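Below: the structure, in structure tokens.
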Amino acid sequence: MTNKYIYFVANWKMFGNLRTLNSLNKVISFVKKNKQRKFRLIYCPPATLIDPLKDKVKSTSIQIGAQNCHESENYGANTGQINSSMLKSVGAKYVILGHSENRQLGENDITINKKIRSSIKSGLNIIFCIGESLSQKRKKMTKKVLSRQIISGLKKIRNKDKLIIAYEPVWAIGSGLIPKEIEILEIVKFIKNKVKGAKVLYGGSVNTKNINVLKKINNVDGFLIGGASQNSNNFIDIIKKTFN
Ligand code: PEP
């Protein structure tokens, strides 16, 4: 990869408790020892761990993100929901939005757009996930699907400074499968043409083996990592290999 900052975003999904945070001691000392390396580390734990994690990483460059939020930045009668301003108030700087696991639960482009707008208003940075399903890929609809997700998701959003896009093919998430290098290269180029100036990450089954291939795709600005980020040794290994 080139001389730019590389993002490593850990999406812990529904994983972790207060004890699990101890496993981050290794990551914290790795980050402190590697201050000269050009990477940005963002941990997105479940909302229950944002506040304790904030305390734990306060003397480091590690930043914290949330995994989703409600579409309104105001309080309301929405049992079980958390909004972007509440996340900001406990220490989140980022929020993952549009993740396919939430799209599969019924989230659509319109609600994602509302969530992005409310999160920007609350001062959060957005990690906006887009990606095609396997059947859409087989029907050669990838670019059409991504275009729709981008146009609808980013409707009425003029200031894209707070935006990172994560290209996550749905079929690659948690499956151990990844697209060919040439496909990622082409899709990332396509996304960067559509959203000028955006950083674009790749996500979907990134692991300690395939990082050796993925790190060579030079228009990728970093990685959104699910399963492999839950194990600190694996996560550190991925970062180390990216720079070796
Ligand atoms: C994700 O959930 O965003 C993700 C990339 O998961 P995994 O790395 O486990 O495929």
Side-chain angles (χ1 to χ4, degrees), residues 6-16 20 23-24 27 39-50 53 63-69 87 92 94-107 112 115-116 119 124-134 136-137 142 145-146 149-150 153 163-181 183-184 187-188 191 198-215 217 220-242:
I6 306 295
Y7 286 74
F8 295 90
V9 181
N11 174 15
W12 268 14
K13 311 192 187 215
M14 193 168 70
F15 165 82
T20 319
S23 73
L24 290 184
V27 180
F39 61 77
R40 299 207 194 283
L41 223 65
I42 303 162
Y43 263 91
C44 302
T48 47
L49 294 178
I50 291 176
L53 184 55
Q63 291 189 306
I64 300 176
Q67 297 176 13
N68 200 0
C69 69
L87 294 170
Y94 290 81
V95 59
I96 296 174
L97 293 172
H99 194 284
S100 63
E101 286 160 8
N102 293 323
R103 291 183 192 257
Q104 279 157 13
L105 291 175
E107 193 174 70
I112 293 165
K115 290 179 181 197
I116 294 178
S119 298
L124 293 175
N125 296 285
I126 318 298
I127 300 165
F128 173 39
C129 300
I130 57 174
E132 82 286 1
S133 68
L134 190 55
Q136 290 165 335
K137 178 179 168 60
T142 299
V145 171
L146 298 181
Q149 290 174 338
I150 290 171
L163 187 73
I164 295 175
I165 298 184
Y167 171 51
E168 297 210 303
V170 180
W171 53 272
I173 294 179
S175 65
L177 304 171
I178 58 169
K180 295 189 188 102
E181 290 159 73
E183 291 173 324
I184 298 178
I187 294 299
V188 170
I191 297 169
K199 302 217 176 307
V200 181
L201 314 183
Y202 168 76
S205 290
V206 176
N207 63 34
T208 54
K209 293 203 173 80
N210 60 28
I211 191 64
N212 290 316
V213 174
L214 293 169
K215 72 176 184 186
I217 309 172
V220 169
D221 297 299
F223 304 99
L224 177 48
I225 305 170
S229 72
Q230 296 171 356
N231 176 307
S232 292
N233 290 331
N234 289 344
F235 196 48
I236 292 169
D237 201 25
I238 289 171
I239 301 169
K240 279 186 182 161
K241 285 179 173 163
T242 303

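The model shown is predicted, which means the values in this text are computed figures rather than measured ones. Residues: numbered from 1 along the sequence shown. Order of listing sets the numbers, starting from 1, for every ligand and every atom in it.
Here the closest heavy-atom approach between residue Gln149 and residue Gly131 is recorded as OE1-N, 2.9 Å. The minimum heavy-atom distance linking Gly204 with Ile178 is given by the pair O-CG2, 3.3 Å. Closest of all the heavy-atom pairs between Pro169 and Tyr202 is CD-CE1, 3.7 Å. Nearest heavy-atom pair across Cys129 and Leu224 is SG-CD2, 3.8 Å.
For Tyr7 and Tyr94, the gap between ring centers reaches or exceeds 6.0 Å.
Among protein heavy atoms, atom 5 (C) of ligand 1 sits closest to Glu168 OE2, 3.0 Å. If you check which protein heavy atom lies closest to atom 6 (O) of ligand 1, you get Lys13 NZ, 3.3 Å. Summary of contacts: the protein heavy atom closest to atom 1 (C) of ligand 1 is His99 NE2, 3.2 Å. The protein heavy atom nearest to atom 9 (O) of ligand 1 is Gly227 N, 2.9 Å.
Shown in contact with Asn11 at under 4.0 Å from a heavy atom are these atoms of ligand 1, numbered in order with element: 1 (C), 2 (O), 3 (O). Shown in contact with Leu224 at under 4.0 Å from a heavy atom are these atoms of ligand 1, numbered in order with element: 3 (O), 5 (C). Which parts of ligand 1 touch Gly204 is read off a 4.0 Å heavy-atom cut-off, strictly below it: atoms 5 (C), 10 (O).
For atom 10 (O) of ligand 1, the choice among Ser100, Gly174, Gly226 with the nearest heavy atom turns out to be Gly174.
A salt bridge does not link Arg103 with Glu168: none of the charged nitrogens is closer than 4.0 Å to a carboxylate oxygen.
Residue contacts with ligand 1 do not include Ala228, since none of its heavy atoms lies under 4.0 Å from the ligand.
Rounding to the nearest 0.5 angstrom, the gap separating the CG atom in Asn234 from the OG1 atom in Thr208 is 5.5 Å.
Both the backbone and the side chain of Ile173 come within 4.0 Å of ligand 1, counting heavy atoms alone.
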